[in-house]
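All chains are named by letter (A, B, ...) in the order of the sequence lines, taking the proteins before the strands, and each is independently numbered beginning at 1. These values consider heavy atoms only, across backbone and side chains, with no hydrogens, waters or symmetry-generated copies.
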2 protein chains.
Amino acid sequence: MDERENYCPVFHRAVELIGRRWNGPIIRALLDGAERFGEIRSRIPGLTDRLLAQRLRELEREGVVQRVTAAAGPVPRYMLTPKGQSLTPVIESIAQWAATWGGLPDPHHMAIRLDSQREN
Amino acid sequence: MDERENYCPVFHRAVELIGRRWNGPIIRALLDGAERFGEIRSRIPGLTDRLLAQRLRELEREGVVQRVTAAAGPVPRYMLTPKGQSLTPVIESIAQWAATWGGLPDPHHMAIRLDSQREN
DNA sequence: AGTCCTTACTTACTCTTTGTAAGTGACTCT
DNA sequence: AGAGTCACTTACAAAGAGTAAGTAAGGACT
């Protein structure tokens, strides 16, 4: 009785890549111009070295991020590939949704908290 | 030296809610018209009862999903709240991205697989 | 030149979240 | 009444994430 009419593994893979813990904020930091390891980390409270290193490697394997070690400066830089940059509309639509529905646990509390948080 | 210029906890929360394991496909199934527990589960290969029940409860707490138990039919139905329905553009932008960059591990293989998968 | 410091990781260990599998109670169908 | 489905729940093992400490490479200071 299996009715997987419109299930899409490609979508599934994408949403779990983007949504995997810390990946959203990491991609966002990169889109916002962060390039160095410590720069990304310092923009994301709670994110540790271990996980950042791991996530960057994964994103690199997925072709979203590129690690660049310039001959001159031995400090590695991270940047988004075209595939990574094309996530802009995704990040923006999430930011938009978050801005609208922000920190509202459930509809009953909507009115109460409408004025608290509000930036993107 | 902490430069959290434009970090946004509301965004962080949103991206981890949407991207949490199984949540993307679950929301998509609901947007596509699935209403019953087993209906959702059968559309998402790999998703088990345990996790679906847990995710639905969480999404309910977040005000994204509403569980409706009609007096007549004791079979519960699930539906998206307005907050949940407004995730449409997010899901669509991810589907769009997935359709374009589908299952491409890295840019080098782009050309090779351009014609394989392609639906949303 | 040597020591001190920062940066970008890695490793070891613990705790939480998932996956797997097997129930359970409510209703339905025959 | 008995068997089957449906919507969960419970128990346990495996995987992932958090915490903390360590390390190699490069620069700055003296």
Side-chain angles (χ1 to χ4, degrees), chain A residues 1-4 7 9 12-13 15-27 29-30 33-62 64-80, chain B residues 1-4 7 9 12-13 15-27 29-30 33-62 64-80:
Chain A
M1 210 157 255
D2 115 6
E3 38 189 287
R4 57 190 66 176
Y7 169 73
H12 191 164
R13 188 176 154 78
V15 81
E16 295 211 338
L17 171 68
I18 296 159
R20 192 159 189 197
R21 203 153 206 188
W22 304 113
N23 275 0
I26 290 169
I27 291 166
L30 289 164
E35 291 198 321
R36 293 178 45 182
F37 188 93
E39 208 178 341
I40 300 168
R41 188 192 45 207
S42 69
R43 290 198 195 192
I44 307 172
L47 174 60
T48 60
D49 286 10
R50 194 178 84 83
L51 270 285
L52 177 54
Q54 191 177 311
R55 288 292 107 91
L56 284 172
R57 254 181 277 126
E58 290 166 8
L59 290 171
E60 218 185 327
R61 271 211 317 275
E62 295 289 336
V64 169
V65 165
Q66 196 178 354
R67 192 188 127 124
V68 187
T69 318
V75 192
R77 310 256 155 182
Y78 292 93
M79 47 187 297
L80 293 164
Chain B
M1 210 155 256
D2 110 12
E3 38 190 287
R4 57 190 66 173
Y7 169 73
H12 192 165
R13 189 176 153 77
V15 80
E16 294 210 340
L17 171 68
I18 296 158
R20 193 162 187 193
R21 202 154 206 187
W22 303 114
N23 276 0
I26 289 169
I27 292 166
L30 289 164
E35 291 198 321
R36 294 177 45 181
F37 188 94
E39 209 177 340
I40 300 167
R41 189 194 42 207
S42 70
R43 290 198 195 191
I44 306 171
L47 174 59
T48 60
D49 285 10
R50 194 178 84 83
L51 269 287
L52 177 54
Q54 190 177 311
R55 288 293 107 92
L56 284 172
R57 255 182 277 125
E58 291 165 6
L59 289 170
E60 218 186 329
R61 272 210 319 275
E62 296 289 337
V64 169
V65 165
Q66 196 177 356
R67 193 190 127 124
V68 187
T69 317
V75 192
R77 308 257 156 181
Y78 293 92
M79 47 186 298
L80 292 165

- For the side chain of A:Arg21, counting heavy atoms from C-beta on, which of C:dA8, C:dT18, D:dA17 is nearest? D:dA17
- Query: What does nucleotides 22-30 of chain C look like as a protein-contact string, B for base, S for sugar-phosphate only, - for none, at under 4.0 angstrom between heavy atoms?
  - Reply: -----S---
- Query: So, is B:Tyr78 near the phosphate of D:dC8, with a side-chain N or O under 4.0 Å from OP1 or OP2?
  - Reply: yes
- Item | B:Arg55 side chain vs B:Arg21 backbone, donor-acceptor pair below 3.5 Å | yes
- Message: With heavy-atom distances below 4.5 Å as the criterion, would you say the side chains of A:Arg67 and A:Leu56 are in contact?
- Response: no
- Item | Beyond-backbone contact of A:Val64 with A:Leu17, side-chain heavy atoms, under 4.5 angstrom | yes
- Let me know, please, whether B:Arg41 or A:Thr48 comes out on the 5' side of the other along DNA chain D by nearest nucleotide. B:Arg41
- Query: Starting at CG of B:Leu52 and ending at P of D:dT9, how long is that distance when rounded to a whole Å?
  - Reply: 11 Å
- Task: Could you check which of D:dA17, C:dG19, C:dA8 has an atom nearest any side-chain atom of A:Gln54?
- Result: D:dA17
- Query: Counting only N and O atoms by type, is there a donor-acceptor contact under 3.5 Å from the side chain of B:Glu39 to the main-chain atoms of B:Glu35?
  - Reply: yes
- Item | Nearest-angstrom distance from the residue atom CZ of A:Arg77 to P of C:dT7 | 12 Å
- Is a donor-acceptor pair below 3.5 Å formed from side chain A:Arg50 to base C:dT11, judging by atom type as modelled? no
- Check every atom of D:dA17, D:dC8, C:dA8 against the side chain of A:Arg67 and return the nucleotide holding the closest atom. C:dA8
- Length of the CG-C1' vector between B:Asn23 and C:dT18, whole Å: 13 Å
- Atom CD of B:Glu16 and atom P of C:dT17 are separated, to the nearest Å, by 12 Å
- Apply the side-chain contact (heavy atoms from CB on, under 4.5 Å) test between A:Ile44 and each candidate in A:Ile26, A:Leu52, A:Leu51; give the one that qualifies. A:Ile26
- In whole angstrom, what separates B:Leu47's CG from D:dA7's C1'? 13 Å
- Message: Could you tell me how far apart B:Leu51 (CG) and D:dG16 (P) are, to the nearest whole angstrom?
- Response: 14 Å
- Charged N to carboxylate O below 4.0 Å: is that the case for A:Glu58 and A:Arg61? no
- Interatomic distance, B:Arg57 CZ vs D:dA7 P [rounded to whole Å]: 15 Å
- What is the distance from atom CZ of B:Arg77 to atom CG of B:Leu30, rounded to the nearest 0.5 Å? 12.5 Å
- Closest-nucleotide ordering on DNA chain C, the 5'-leading residue of A:Ala53 and B:Trp22: A:Ala53
- Message: I need the CD-P distance between B:Glu35 and D:dC6, as an integer number of Å.
- Response: 16 Å
